[in-house]
Amino acid sequence: MPNFPIADTRTENISFEKGIMKVVTKSVELHELADAIENVKVADELANGEKYKLLIDLKNTKQASIEARQYYSSNQNRNVIAAAFIIDTPVNLIIGKMFEGINKPFFPVKLFNSEEEGLNWLNTFSG
């Protein structure tokens with residue numbers, strides 16, 4: 001059993017260790033606003049109010065609603081310092097680009113093909 005906080009929601013497996021919130025999305029048909037609200041709440045609880053860097057593995061993501069993307073990019077996600085999205089399909093790329101370009105979160109977002117690249121980028125941020 002890991003010695004760091006972990007959680008499981010309808011759409012995500014979430015863990016928090018050394019300032020990095022790692023999220024692996026689950027293969028569900030639609031990631032909805034209620035899921036976004038729950039996931040942000042769970043992540044904030046795992047971080048115990050600390051600000052964190054977010055590493056999101058989007059490989060299983062099929063679709064995210066406009067409302068879910070808007071919620072994630074809003075100040076409701078106020079503890080996020082920066083977010084690295086790990087993608088491997090055209091669908092992941094579209095979701096990542098929509099989040100990055102259309103939803104325009106207040107924190108930096110960048111897309112990567114590997115977890116290692118994403119972590120290296122996140123580690124350039126303090127906090």
Side-chain angles (χ1 to χ4, degrees):
M1 189 75 174
N3 60 355
F4 50 87
I6 58 171
D8 187 48
T9 68
R10 185 183 86 84
T11 57
E12 297 178 348
N13 292 308
I14 307 169
S15 61
F16 181 67
E17 183 178 23
K18 298 178 184 173
I20 303 283
M21 189 70 61
K22 184 176 179 184
V23 172
V24 178
T25 60
K26 296 179 182 177
S27 183
V28 296
E29 286 304 313
L30 179 62
H31 193 112
E32 301 181 50
L33 175 59
D35 300 312
I37 292 168
E38 178 185 24
N39 293 334
V40 168
K41 180 180 179 225
V42 167
D44 286 347
E45 288 171 359
L46 288 178
N48 201 25
E50 290 179 45
K51 292 199 175 287
Y52 53 85
K53 302 166 199 173
L54 187 57
L55 179 71
I56 307 172
D57 184 333
L58 286 179
K59 294 176 187 169
N60 295 318
T61 302
K62 295 179 180 178
Q63 186 178 2
S65 72
I66 293 168
E67 297 83 7
R69 290 192 321 271
Q70 287 172 337
Y71 188 84
Y72 281 128
S73 65
S74 75
N75 67 357
Q76 296 300 320
N77 220 355
R78 64 193 167 277
N79 289 330
V80 175
I81 296 167
F85 289 7
I86 311 306
I87 60 168
D88 71 344
T89 67
V91 171
N92 303 148
L93 178 62
I94 291 167
I95 292 169
K97 288 287 187 186
M98 286 190 326
F99 185 81
E100 183 180 43
I102 295 171
N103 298 113
K104 298 184 186 336
F106 67 92
F107 49 87
V109 173
K110 196 165 178 181
L111 309 178
F112 298 93
N113 292 316
S114 77
E115 186 174 309
E116 181 181 356
E117 291 172 318
L119 284 171
N120 288 339
W121 180 75
L122 286 174
N123 287 325
T124 65
F125 294 89
S126 59

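For the numbers below, each heavy atom of this structure counts, side chains included, while hydrogens, waters and symmetry mates do not. Small disclaimer: the values here were computed from a predicted structure and weren't measured.
Interatomic distance, NZ of Lys62 versus NE2 of His31, reported as 14.0 Å (0.5 Å rounding). Atom CD1 of Ile37 and atom CD of Glu67 lie 10.5 Å apart (nearest 0.5 Å). How far OG1 of Thr25 is from CD1 of Ile14: 11.0 Å, rounded to the nearest 0.5 Å. The line from CG of Asp57 to CD1 of Ile86 is 6.5 Å long, rounded to the nearest 0.5 Å. Here Asn13 contributes atom CG and Lys26 contributes atom NZ; the two are 5.0 Å apart, rounded to the nearest 0.5 Å. Rounded to the nearest 0.5 angstrom, Ile56 CD1 and Ile87 CD1 are separated by 12.5 Å.
Nearest heavy-atom pair, Ala47 versus Phe16, reported as atom, atom and distance to 0.1 Å: CA-CE2, 3.7 Å. The two atoms that bring Phe106 and Ser74 nearest to each other are CE2-O, 3.1 Å, heavy atoms only. In terms of heavy-atom proximity, Val40 sits nearest to Tyr71 at CG2-CE2, 3.8 Å. Residue Leu33 comes nearest to Ala68 through the heavy atom pair N-CB, 4.0 Å, listed as atom of the first residue, atom of the second, then distance. Contact detail for Ile6 and Ser15: the closest heavy-atom pair is CG2-CB, 3.6 Å.
With hydrophobic clusters built from ILVMFWY side chains whose heavy atoms lie under 4.5 angstrom apart, Met21 shares a cluster with Val80. Under the 4.5 Å side-chain contact rule for hydrophobic residues, Phe125 and Leu55 share a cluster. Residues Leu58 and Phe112 fall into different hydrophobic clusters, defined by Ile, Leu, Val, Met, Phe, Trp and Tyr side chains chained together at heavy-atom separations under 4.5 Å. Side-chain heavy atoms closer than 4.5 Å link hydrophobic residues (I, L, V, M, F, W, Y) into clusters, and following such links, even through other members, never connects Phe85 to Trp121. No single ILVMFWY cluster, assembled from side-chain heavy atoms under 4.5 Å apart, contains both Ile81 and Val23.
For Glu117, the side chain to side chain donor-acceptor pair (under 3.5 Å) partners are Ser114, not counting sequence neighbours.
Proximity of a side-chain donor or acceptor of Lys53 to a complementary backbone N or O of Ser126 within less than 3.5 Å is not detected.
The side-chain hydrogen bond (donor to acceptor under 3.5 Å, both in side chains) pairs that include a residue from residues 34-44 are Thr9-Asn39, Arg10-Asp35, Thr11-Asn39, Glu12-Asn39, Asn39-Tyr72, Asp44-Tyr52, Asp44-Asn79, where partners are two or more places apart or lie in different chains.
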